[in-house]
Number of protein chains: 2
Amino acid sequence: MPKPGPGLRLIDVAHRAGVSLATASRALAGRQGVSQEVADRVRQVADELGYVANPFARTLAGGASTTVGLIVHQVDDPYFAEIAGGVIGLADERRLLVQICHSGRDPDHELRQIRHLIAQRAGIIIIAGSGYHDPRVEAEAAAVLAGYQRGGGRVAVIGRHTLGADAVLPDNEAGGHAVTAHLLGLGHRRIAVVAGASGLNTVVDRLAGVASALREHGLSLDDLPVVHTGFVREGGRTATERILAEHPSTTAIIALNDAMAMGVLAMLRERGIGVPSRMSVTGFDDVSVAADLAPSLTTVRLPMTAMGRTALELALQPPAARPRRRPTGHQLIVRDSTGPAPGQSR
Amino acid sequence: MPKPGPGLRLIDVAHRAGVSLATASRALAGRQGVSQEVADRVRQVADELGYVANPFARTLAGGASTTVGLIVHQVDDPYFAEIAGGVIGLADERRLLVQICHSGRDPDHELRQIRHLIAQRAGIIIIAGSGYHDPRVEAEAAAVLAGYQRGGGRVAVIGRHTLGADAVLPDNEAGGHAVTAHLLGLGHRRIAVVAGASGLNTVVDRLAGVASALREHGLSLDDLPVVHTGFVREGGRTATERILAEHPSTTAIIALNDAMAMGVLAMLRERGIGVPSRMSVTGFDDVSVAADLAPSLTTVRLPMTAMGRTALELALQPPAARPRRRPTGHQLIVRDSTGPAPGQSR
DNA sequence: TTGAAAGCGCTAACAT
DNA sequence: ATGTTAGCGCTTTCAA
């Protein structure tokens, strides 16, 4: 790949402002040891000339890196797109650049991306998306990130808690509880769960919430069909197909994210099964299209954009003695995809 | 922001291999002037030690940059999310890192982002999203990019043609024609158009396609209500509100992108207006949720993910004498949101 | 074919 | 408060 042409250098700004290189550097970095007057002049000259520091020189010289690495499963998954939007929005305000990589929900690939970002000297790394339930898989990533943090790198994660870093924690368990309680309140008892891979923490946590709500009604998750497939739309379709075949008396399907719920709805539509008249369906996340689906989706709202912002905010703060935790809160959004269980007189 | 810790340096590798810094550099860069034997040894030592070059030092010293700058309107707009997915997918394969910025459809902000990416020494810049119909607005961006390209930077754009760079060109006009012809074929004559800002090239081009189809049926765009609002979901809602108030006999609404079409559908639902029984609705883009809407959306499919890949492919090739152009093709996808005009006996 | 040395543009000691 | 200077790790002339 080619290299861009040369540009304005700090020394040019310094000359124009009639000061030394060092003074100009201090002035622009907002460091101490420059009179207000001189600092203002330097900044003004820099603005006039349209000076932008060369980040490579700056970083090489030991300065701070201004790039943020962001690892998501896939940016074209609406859940991650919204998180990315939040990160980029705040980064823009702070004049930071965001480098995005895909993990593809593959722990090895994720680890490779982490290493790549570290090699690129990203000053901050944000990892969004479920961790893996297997501790051994998480261990290597944790070790690499620990080294990175020891060297001064900052890390924030969204939706995982085993990585020894500041974390934004979605209300997975409480949300799972809320949505299940909602269905139980509508009289549903023959409930099926459509879940992503059982190795994903997010899946495990949301399932735990489902289980706890069931227990409160004297039911057990063990008695319900739980189908684990891909944590994406297509997974919802195939899971629904199986549920329909193996548990035809099911009256409600809990999908553990909105993408899967969309697949569930699509399959029910194909089969001509009315929602919510014959089958209630719930999602999780409240991606922005959830309100526009047919029918509009009852789901648990997570503030994805804010979660992205918060993660970057955490990373921009100096590290705390112990990793910080920021729960996100959640909100049950009841729309048209859920209704009373068939045969219920309410 | 903090700086990551020090690492292995090239000089360490050189010492271990018993050669000079320069030789080690040549060997690892695969340049000429090193004996096969020495080159192999150096590479082996580097591998053993797990050496990864410091990209800041490399770039500062005049080496190639391995980062790709990508400017989109908003990553959490599904259209751009899919394009970004395509770019990142190919970048991952080529071990490049992608820096994403938002333009927010603001030409000034876009220009600022371009400058920022150039300052960051991105080797490639990809700009996705409509250009601006006003030549003066485009001129400054074009000038900056020309300078960047003269310095060896590579540029590819998606959906604009006035920037003097390799371009991926969506079939906007042909798509606009196709969707309009579809409605005319269903007997619709009282058609309204819901468009984004009239300053956007994409809007102008799609509108031109609509106009040409109308002309073939002896109609003129001038006789139809064309409402220009934000090129997003909310714009579709407000535009529909106005159309309903001012042109109550309308039987079909052409939205110039899917986001607006979703807003149109939402407003019609609120008002209890049946689709397609009382009003047909069309979109443009075929974002992945279009099939799951209520009702599923008739629209024009553009291969967004492939467009992202293609743009990066173009940029990775050496520049051609004249900017390359890659039309995308399109496909009319007829779903449930369009039907015969009311009162038609077909 | 190889090595020595001069920067790339900036920050951060160290002087003044 | 300001200036001088030594690197940061690499690529790239220029010599040998």
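In what follows, chains are A, B, ... by sequence order, proteins preceding strands, each numbered from 1.
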Fill in the blank from the handout: side-chain contact (heavy atoms from CB on, under 4.5 Å) filter on A/Ala46, not counting sequence neighbours, yields A/Val13, A/Leu28, A/Tyr51
Completion exercise
From the candidates D/dT4, C/dC10, D/dT2, the one with an atom nearest any side-chain atom of A/Ala22 is D/dT4
Practice task
Output yes when A/Arg105 and A/Glu110 qualify as a salt bridge under the 4.0 Å nitrogen-oxygen rule, no when they do not.
Solution key: no
Fill in the blank from the handout: Contact check, residues 24-31 of chain B vs DNA chain D, heavy-atom distance under 4.0 Å, returns B/Ser25, B/Arg26, B/Arg31
Provide a list of protein-nucleic acid N or O atom pairs under 3.5 angstrom, restricted to nucleotides 6-8 of chain D.
unit_1 : atom_1 : unit_2  : atom_2 : d
D/dC8  : O2     : A/Leu60 : O      : 3.2
D/dC8  : O2     : A/Ala61 : N      : 3.1

Table please: side-chain donor-acceptor pairs of residues 123-135 of chain B below 3.5 Å, with sequence neighbours left out.
unit_1   : atom_1 : unit_2   : atom_2 : d
B/Ser130 : OG     : B/Asn201 : N      : 3.0
B/Ser130 : OG     : B/Thr202 : N      : 2.9
B/Ser130 : OG     : B/Thr202 : OG1    : 3.0
B/Asp134 : OD1    : B/Arg136 : N      : 2.9

Practice task
Would you kindly give the OH-to-C1' distance between B/Tyr51 and D/dG9, to the nearest whole Å?
Solution key: 7 Å
Practice task
Hey, can you tell me if A/Phe56 and B/Phe56 have their rings parallel, tilted or perpendicular (30° and 60° cut-offs)?
Solution key: tilted
Completion exercise
note: B/Arg58, atom CZ; C/dG9, atom P; distance rounded to Å ~ 18 Å
Handout entry: Beyond-backbone contact of B/Met307 with B/Pro170, side-chain heavy atoms, under 4.5 angstrom
Key = yes
Exercise for the section: State which residue, out of B/Ile88, B/Val98, B/Leu97, fulfils the side-chain contact (heavy atoms from CB on, under 4.5 Å) condition with A/Cys101. Expected result: B/Leu97
Practice task
Using a strict 4.0 Å threshold on nitrogen-to-oxygen distance, state whether A/Arg94 and A/Glu313 make a salt bridge.
Solution key: no
Handout entry: Rounded distance (Å) that lies between atom C1' of C/dC8 and atom CG of A/Asp12
Key = 14 Å
Problem - Whole angstrom value for the distance that separates P of C/dT11 from CZ of A/Phe56 - result: 14 Å
Exercise for the section: Please list, chain by chain and in numerical order, all residues satisfying side-chain contact (heavy atoms from CB on, under 4.5 Å) with B/Gln36, sequence neighbours excluded. Expected result: B/Asp40, B/Arg43
Practice task
Output yes when at least one side-chain N/O atom of A/Ser20 is less than 4.0 Å from OP1 or OP2 of D/dG3, else no.
Solution key: yes
Practice task
Please determine, for the side chain of A/Ala53, which listed nucleotide (C/dC10, C/dT2, D/dT11) has the closest atom?
Solution key: C/dC10
Problem - A/Leu10 CG - C/dT11 P separation (whole Å) - result: 6 Å
Practice task
Would you indicate, yes or no, if D/dT2 has its OP1 or OP2 atom less than 4.0 angstrom from a side-chain nitrogen or oxygen of A/Ser35?
Solution key: yes
Handout entry: Pair A/Arg326 + A/Asp166: basic N to acidic O under 4.0 Å
Key = no
Completion exercise
Whole-Å distance, B/Arg121 CZ to D/dC10 P, equals 19 Å
Practice task
Figure out the CZ/P separation between A/Arg41 and D/dT2, and round it to whole Å.
Solution key: 9 Å
Problem - Angle of first-five versus last-five pair axes in the helix from C/dT1-D/dA16 to C/dT16-D/dA1, to 10 degrees - result: 40°
Practice task
Evaluate the side chain to side chain contact (heavy atoms under 4.5 Å, CB included) criterion for residues B/Gln120 and B/Gln99: first the C-alpha distance (whole Å), next the side-chain angles of each, then the deciding distance (0.1 Å), finally the verdict.
Solution key: CA-CA 10 Å; B/Gln120 295 278 340; B/Gln99 300 190 330; 4.2 Å; yes
Exercise for the section: May I ask you to say whether B/Arg309 pairs ionically with B/Glu82, meaning some side-chain N is under 4.0 Å from a carboxylate O? Expected result: no
